[in-house]
Amino acid sequence: MRTVYVNGEYLPENEAKVSIFDRAFLMADGVYEVTSVLQGKLIDFAGHARRLERSLRELDMDRPDAFDDLLEIHRELVRRNGIEEGLVYLQITRGAAPDRDFAFPDPEEVKPTLVLFTQSKPGLADSPMARTGIKVISIADERWGRRDIKTVQLLYPSMGKMMAKKAGCDDAWMIEDGYVTEGTSNNAYIIKGNRIITRGLSNDILHGITRAAVLRYAREAQMEVEERNFTIDEAKAADEAFVTSASTFVMPVVEIDGVAIGDGTPGPHATRLREIYLEESLKEAV
Ligand code: PMP
């Protein structure tokens, strides 16, 4: 049985409890982060901690008292659960107010809820999926407008994932005003020649921690990076496509809406970027 962390305590998962009045349960009033673990170490912890702090600030939510101990708590959970490859999920909510009310509770009276748990995922780095690539469909982006804040309101992305599954695919790329925003839980890229094209940062997409690292490594490897909008038709005509996220790293996309990308197998640039990402991010893992 897993050991999880809830508000200062390490507990067996079946003893961990959160109030039914918790605002994340009632209003999706919570933010989260997912940090991957490779060789028992945390990948880009500092980046995730920075984004978490930003998400809290944007929602006017207090940092939990244990905020400065988050690295230690992550490490302790990885150690106690013997995680070699997998991830640590962290969630902070605005806490449990005495009654359901749209207005935020007084932060002096209601303290944030802090929950962390691990998921073991052997084969995360040497993933069979990365060797075949994934298939995506395009769907309308019907999420709210502040996708730069990593909130737990994941119903539409979850529905998108189900639409993809129903179509015999792995994921969905979302489209707004004619342009691809991102995948249901990842950032989206296409490659033309030696050039990587991905949507620029704004409130329309999550500012991926993996995205930042991959674009840095790509520039260091003399690839060109163009941050701009692209259409699904441009994507279908690209040489390669891929997605990035903390739990999939760099994942090649080999089909969009039934159209093969390139020759329909993972492209050389995406494959190389995955290798570089795994190698370089492990060097800085903590
Ligand atoms: N976009 C969305 C909508 C996501 O949910 C995620 C993963 N949480 C990402 C992008 C990728 O972000 P990261 O690289 O920080 O995992």
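Atoms considered below: every heavy atom in the structure, side chains included; atoms not considered: hydrogens, waters and symmetry mates. Both counts, for ligands and for their atoms, begin at 1 and track the order of listing. If you read the sequence from its start, that first residue is 1, and numbering goes on from there.
If you check which protein heavy atom lies closest to atom 14 (O) of ligand 1, you get Thr210 OG1, 2.6 Å. For atom 12 (O) of ligand 1, the nearest non-hydrogen atom of the protein is Gly208 CA, 3.5 Å. Among all non-hydrogen protein atoms, the one lying nearest atom 8 (N) of ligand 1 is Lys150 NZ, 2.3 Å. Residue, atom and distance of the protein heavy atom nearest to atom 1 (N) of ligand 1 are Glu182 OE1, 2.6 Å. Atom 5 (O) of ligand 1 has as its closest protein heavy atom Ser185 CA, 3.3 Å. The protein atom (non-hydrogen) at minimum distance from atom 16 (O) of ligand 1 is Ala246 N, 2.8 Å.
Judged purely by atom type and a 3.5 angstrom limit, Thr248 has no side-chain atom pairing as donor or acceptor with the backbone of Met251. A donor-acceptor pair under 3.5 Å links the side-chain atoms of Thr132 to the main chain of Met129, judged by distance alone.
Defined by atom type and a distance below 3.5 Å, a donor-acceptor pair is present between the side-chain atoms of Gln91 and Tyr89. Between Thr231 and Asp233, the side chains place no donor N or O within less than 3.5 Å of an acceptor N or O (distance only, hydrogens not considered). Side-chain contact check for Thr93 and Thr113: at least one donor-acceptor pair (N or O, by modelled atom type) lies under 3.5 Å. Side-chain contact annotation: Asp204 with Thr181, donor-acceptor N/O pair under 3.5 Å absent.
At a heavy-atom cutoff of 4.0 Å, ligand 1 is contacted by the side chain of Arg51 but not by its backbone. By the criterion of a heavy-atom distance under 4.0 Å, the backbone of Thr184, and not its side chain, is placed next to ligand 1.
The distance criterion of under 3.5 Å between nitrogen or oxygen atoms is not met by Leu206 with respect to ligand 1.
The distance from ligand 1 to the heavy atoms of Asn187 drops below 4.0 Å at these ligand atoms: 10 (C), 11 (C). Remark: ligand 1 atoms within the under-4.0 Å shell around heavy atoms of Ile209 are 13 (P), 14 (O), 15 (O).
The shortest separation from a heavy atom of Thr244 to ligand 1 is under 4.0 Å, placing the residue in contact. Heavy-atom separations between Arg143 and ligand 1 include at least one value shorter than 4.0 Å. Using a 4.0 Å cutoff on heavy atoms, Leu154 does not count as a contact of ligand 1. Put simply, no part of Glu33 is less than 4.0 Å from ligand 1, judged by heavy atoms.
Using a 4.0 Å cut-off between charged side-chain N and carboxylate O, Glu9 and Lys17 make no salt bridge. With respect to the salt-bridge test (charged N to carboxylate O, under 4.0 angstrom), the residues Lys121 and Glu85 do not qualify.
Partner Glu58 forms a side chain to side chain contact (heavy atoms under 4.5 Å, CB included) with one of Thr151, Ile149, Asn203 and no other, that one being Ile149.
The aromatic rings of Phe242 and Tyr189 sit parallel to each other, their planes meeting at less than 30°, with 60° as the upper class boundary.
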